[in-house]
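The block underneath contains the structure these notes are about, expressed in structure tokens.
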Amino acid sequence: MPELPEVEVVRRGLERWVAHRTVAEAEVLHPRAVRRHLAGGEDFARRLGGHRIGVPGRRGKYLWLPLEGTGVTGQAILAHLGMSGQLLVQPHSAPDEKHLRIRIRFTDALDTELRFVDQRTFGGLSLHETTPEGLPDVIGHIARDPLDPLFDDDAFHRALRRRRSTVKRALLDQSLISGVGNIYADEALWRSRLHYERPTSTLTGPRTRELLGHVRDVMNDALAVGGTSFDSLYVDVNGESGYFDRSLDAYGREGEPCRRCGTPMRRRPWMNRSSYFCPRCQRPPRAAS
DNA sequence: TATCCGACCTGTTGGC
DNA sequence: TGCCAACAGGTCGGAT
């Protein structure tokens with residue numbers, strides 16, 4: 001499931017294989033894949049044609065392809081992979097994937113096209129105006145991610161202290177810190193020895209900095225091996241899977257011994273998903289059980 | 001205003 | 001063998 005490291009791997013692939021190419025035509029094969037483009041699939045396809053693609057950007061789990069020659073403000077194709085989205089650079093002759101949703105062809109003689117493939121259709125592409133900073137306007141509410149040099153650790157700590165919430169909810173709140181999903185939240189909390197229900201208002205400055213350090217470490221570790229992949233749902237633009245699932249310490253390890261203390265790891269239903277933790281290393285706060 | 005939580009979506013797995 | 005429920009989870013928008 002794509003979180004920040006996986007999206008960054010895809011962004012780098014797009015920079016290598018798609019940047020500086022000019023769109024010949026786009027084909028929308030499933031309307032839900034462009035549902036965030038309010039003017040619809042036909043409009044999306046028509047407005048892409050003839051534009052050269054700039055260097056891809058990313059914030060958190062969103063990535064975008066700037067379109068050159070789209071006026072003073074500029075426009076960009078915004079992409080979110082959702083749960084199962086893939087952006088693949090494929091030869092024209094490759095058979096269509098079962099869940100191919102959007103195809104973009106280019107004017108050059110290179111024998112490849114860009115495909116958006118998405119089984120569960122939680123992801124999608126859309127076209128938006130960009131801000132003076134080059135950010136698509138609809139993701140202005142998304143916070144900087146922890147790998148962004150301009151991410152403000154102290155401001156993040158102050159925001160946590162103001163919240164009447166719990167630490168894992170805060171990590172998943174993309175308006176506070178972006179790019180963290182269920183997998184890396186559990187990994188960073190395990191490394192920090194923090195229970196997922198720990199109230200944010202009880203975190204000290206040093207504890208927040210330690211948590212942020214672990215968030216960055218786990219993301220950088222995943223990035224170094226091409227991201228996490230449990231199955232074929234997450235792949236880079238060439239269809240290759242990452243290897244970080246072999247390094248996970250918490251996520252998906254219910255019943256297996258904690259790698260620190262040997263206690264069997266637990267899974268708890270949490271907000272229609274799961275939280276994995278060590279009951280000994282990550283003690284629940286007094287109010288929770 | 002802040003926080004919480006259901007809906008969306010489809011393939012896989014396990015139980016009966 | 002076939003049916004059905006549970007599960008995976010990022011984001012949005014309605015409810016509290």
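Values in this document were obtained by computation on a predicted structure and should not be read as measured data. Throughout, a chain's letter reflects where its sequence line sits, starting with A, and its residues are numbered from 1.
If you take CG of A:Leu81 and C1' of C:dA8, they are 16 Å apart, rounded to a whole angstrom. Across the protein-nucleic acid pair, A:Asp145 atom CG and C:dG10 atom C1' stand 16 Å apart, rounded to whole Å. Rounded to whole Å, atom C1' of C:dG10 lies 14 Å from atom CG of A:Leu63. Straight-line distance from the NZ atom of A:Lys61 to the C1' atom of C:dC12: 13 Å, rounded to whole Å. Atoms CG (A:Leu172) and C1' (B:dC4) sit 13 Å apart, rounded to a whole Å. Counting to the nearest Å, the C1' atom of C:dA6 and the CD atom of A:Glu254 are 14 Å from each other. Rounding to whole angstrom units, CG of residue A:Asp173 and C1' of C:dT11 are separated by 11 Å. Atom-to-atom, CG of A:Asn182 to C1' of C:dC7 comes out at 12 Å; the value is rounded to the nearest Å.
Here the side chain of A:Tyr276 is nearest to one of C:dA8, C:dT11, C:dC12, namely C:dA8. Closest to the side chain of A:Tyr62, from the set B:dT3, C:dC12, C:dC7, is C:dC12. The side chain of A:Arg267 lies closest to C:dC7 when the candidates are C:dG10, B:dT3, C:dC7.
In this model, the phosphate group of B:dC4 is approached by a side-chain N or O of A:Ser165 to a distance below 4.0 Å at OP1 or OP2. The side chain of A:Arg162 places no N or O atom within less than 4.0 Å of a non-bridging phosphate oxygen (OP1 or OP2) of B:dA2. Distances shorter than 4.0 Å separate none of the side-chain N or O atoms of A:Arg169 from OP1 or OP2 on B:dT3.
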Open item on the list: Run A:Tyr196 and A:Trp270 through side-chain contact (heavy atoms from CB on, under 4.5 Å) and show every step you take.
Closed with: CA-CA 10 Å; A:Tyr196 58 95; A:Trp270 183 84; 3.4 Å; yes
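Taking every heavy atom of both residues into account, A:Ile177 and A:Ala170 meet most closely at CG2-O, 3.8 Å.
For the residue pair A:His157 and A:Thr208, a side-chain donor N or O sits within less than 3.5 Å of a side-chain acceptor on the partner. For the residue pair A:His128 and A:Thr130, no side-chain donor N or O sits within less than 3.5 Å of a side-chain acceptor on the partner.
Applying salt bridge (Lys or Arg N to Asp or Glu O under 4.0 Å) to A:Asp145 and the options A:Arg58, A:Arg11, A:Lys61 leaves one that passes, A:Arg58.
Taking the six-membered ring where the residue is Trp, A:His80 and A:Tyr62 present perpendicular rings, their angle passing 60° and hence far from 30°.
For the side-chain hydrogen bond (donor to acceptor under 3.5 Å, both in side chains) test, residues two or more places apart in sequence or in another chain that qualify with A:His92 are A:Glu113.
Residue contacts shown for A:Arg36 are limited to sugar-phosphate atoms, with no base heavy atom under 4.0 Å away. Contact annotation for A:Asp118: no contact, since no heavy-atom pair falls under 4.0 Å across all strands.
Taking for each of A:Arg163 and A:Asn272 the nucleotide of DNA chain B with the nearest heavy atom, the 5'-most of the two is the partner of A:Arg163.
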Task: Annotated protein contacts, base or backbone, on nucleotides 8-13 of chain B with a non-hydrogen cut-off under 4.0 Å, one of B, S, - each - done: BBBS--
